[in-house]
Asks: 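The structure is given below, and queries will be raised subsequently.
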Amino acid sequence: MTGFVFKGSPVRVKAGTKVVWVNNDIAAHTVTIDGPERGSSLPLRKGGRFATTFRTPGTYRVGCVQHPFMTAVIIVEP
């Protein structure tokens, strides 16, 4: 996360891949995942990290609760 943007959207990964988000902004951000699996982080301050392993193939939407314009897509392939 840099400049109030999730970089690299859409991201394609294989099922079983661990994805790590790092907050490089001065503002706190969350990572909220909606798709076949769901998850969310607490607010991450600068340098904060959140990781999850995507096990189920499908399309996932990622967003920041505090900044709803921050969105991304992760496509998990078999």
Side-chain angles (χ1 to χ4, degrees):
M1 297 174 274
T2 302
F4 289 84
V5 174
F6 287 106
K7 297 288 184 179
S9 178
V11 173
R12 291 182 178 273
V13 298
K14 294 285 188 191
T17 299
K18 180 180 182 177
V19 176
V20 180
W21 288 267
V22 179
N23 184 1
N24 292 313
D25 272 338
I26 58 172
H29 297 295
T30 61
V31 177
T32 301
I33 303 164
D34 186 18
E37 300 172 42
R38 297 173 186 254
S40 62
S41 72
L42 295 172
L44 304 173
R45 296 180 188 260
K46 183 174 175 98
R49 295 173 181 264
F50 175 72
T52 192
T53 300
F54 289 93
R55 301 190 190 290
T56 306
T59 300
Y60 294 78
R61 305 253 177 243
V62 180
C64 173
V65 172
Q66 295 95 317
H67 307 102
F69 55 87
M70 288 181 65
T71 62
V73 173
I74 295 179
I75 299 167
V76 179
E77 300 171 336

Asks: Give, for atom OG1 of T52 and atom CZ of R55, the distance between the pair rounded to the nearest 0.5 Å.
Replies: 8.0 Å

Asks: Using a 3.5 Å distance criterion without hydrogens, assess whether the side chain of T59 forms a donor-acceptor pair with backbone atoms of I75.
Replies: no

Asks: Looking only at heavy atoms, which two atoms of N24 and K46 are closest? And how far apart?
Replies: O-NZ, 3.4 Å

Asks: Looking at G47, is its backbone amide N or carbonyl O close enough to the side chain of N23 to form a donor-acceptor pair, meaning the two atoms are under 3.5 Å apart?
Replies: no

Asks: Hey, are R12 and E77 close enough for a salt bridge, meaning a charged N less than 4.0 Å from a carboxylate O?
Replies: yes

Asks: Using a 4.5 Å cut-off on heavy atoms from C-beta on, say whether the side chain of Q66 contacts that of T30.
Replies: yes

Asks: What's in the same ILVMFWY side-chain cluster as L44, cut-off under 4.5 Å, chained through other members?
Replies: M1, F4, F6, V11, V13, V19, W21, V31, I33, F50, F54, Y60, V62, F69, M70, I74, V76

Asks: Please name the pair of heavy atoms, one in P43 and one in A28, separated by the smallest distance, quoted to 0.1 Å.
Replies: CB-CB, 4.3 Å

Asks: OG1 of T32 to CZ of R38: how many Å apart, nearest 0.5 Å?
Replies: 11.0 Å

Asks: Quick one: closest heavy-atom pair of P78 and K14, and the distance?
Replies: O-CD, 3.5 Å

